[in-house]
Amino acid sequence: GKLEIDTVVGNAGRTESVTYYAPVAQTFIVDGRAYPDGFFLSSIDLWFQTKDTTQPVTIQIRPAIEGRPSADLILPFATVTKAAEDVIASTTFDINKNTNFKFDTPIYLPPNEYAVVVLCMSTDARLYISTVGQFRLGVEEPDRIREQPYLGELFLSQNARSWIGE
């Protein structure tokens, strides 16, 4: 569904009104045992099944609050927008047909939980996701996903503020 929110953009503290359609988010953990000093995130790859022909796609890194993406906080410099023509989509999954979202500067992530939020003003943009019990895509031999491959959870939203785990 359609939604309208106010969002803080980057580090400038500027607020602008934006309309998004059903954003998605994936949480992930920077494990303090494996990365006691945290790490720098320079880019994220996403695989799209379909895309809108005119609407851009935006990603944001947000802190997770009690396991859910923050409704209001976006890490400084952690927003990247790709024009529709720069989003690569393939109706047949191909590991080489990813869209790389590169941050202007690497984002420092100290040990904590975060979320990658994907926003688009269209319902035509669709991501490939992995679901336990479904077949893996892009492998020669059919193989089911038997376990959660990464720490974190997939969330859906209709307002980019309230998130429902999938």
Establish whether Tyr35 and Ile61 are linked, either directly or via other cluster members, by ILVMFWY side-chain heavy-atom contacts under 4.5 Å. yes
Gln60 and Thr79: CA distance, side-chain angles, deciding distance, side-chain contact (heavy atoms from CB on, under 4.5 Å) verdict: CA-CA 4 Å; Gln60 302 169 335; Thr79 299; 3.8 Å; yes
Can you give the donor-acceptor pairs under 3.5 Å from side chains of residues 104-121 to other protein atoms, not counting sequence neighbours?
residue: Tyr108; atom: OH; partner: Asp37; partner atom: O; Å: 2.6
residue: Tyr114; atom: OH; partner: Pro110; partner atom: O; Å: 2.7

Sorted by chain and residue number, the side-chain contact (heavy atoms from CB on, under 4.5 Å) partners of Ala89 (sequence neighbours excluded) come out as Phe48, Lys51
Taking atom types as modelled, find out whether Asp72 and Ser70 have a side-chain donor-acceptor pair closer than 3.5 angstrom. no
Show which side-chain atoms of residues 92-100 pair as donor or acceptor with protein atoms under 3.5 Å away, not counting sequence neighbours.
residue: Asp94; atom: OD1; partner: Asn96; partner atom: N; Å: 2.8
residue: Asn98; atom: ND2; partner: Asp45; partner atom: OD1; Å: 3.1
residue: Thr99; atom: OG1; partner: Ile88; partner atom: N; Å: 2.8
residue: Thr99; atom: OG1; partner: Ile88; partner atom: O; Å: 3.3
residue: Asn100; atom: ND2; partner: Ser43; partner atom: OG; Å: 3.2
residue: Asn100; atom: ND2; partner: Asp45; partner atom: OD1; Å: 2.7

side-chain contact (heavy atoms from CB on, under 4.5 Å) partners for Ala34, two or more places apart: Asp31
Linking I/L/V/M/F/W/Y whenever their side-chain heavy atoms sit closer than 4.5 Å, directly or via other members, would Phe77 and Phe39 fall into one cluster? yes
Closest non-hydrogen contact found for Asp86 with Lys82 is CB-CD, 4.0 Å
Would you give the length of the straight line joining atom CD1 of Ile59 to atom CG of Leu46, rounded to the nearest 0.5 angstrom? 6.0 Å
Between Tyr128 and Gln49 the two heavy atoms that sit nearest each other are CE1-CA, 3.5 Å
All heavy atoms of Leu41 vs all of Phe103, minimum pair found to be O-CD1, 3.7 Å
The side-chain contact (heavy atoms from CB on, under 4.5 Å) partners of Pro56 (sequence neighbours excluded) come to Thr81
Separation between OG1 of Thr53 and CD of Glu85, rounded to the nearest 0.5 Å: 10.0 Å
Listed by chain and number, what are the side-chain hydrogen bond (donor to acceptor under 3.5 Å, both in side chains) partners of Thr50, not counting sequence neighbours? none
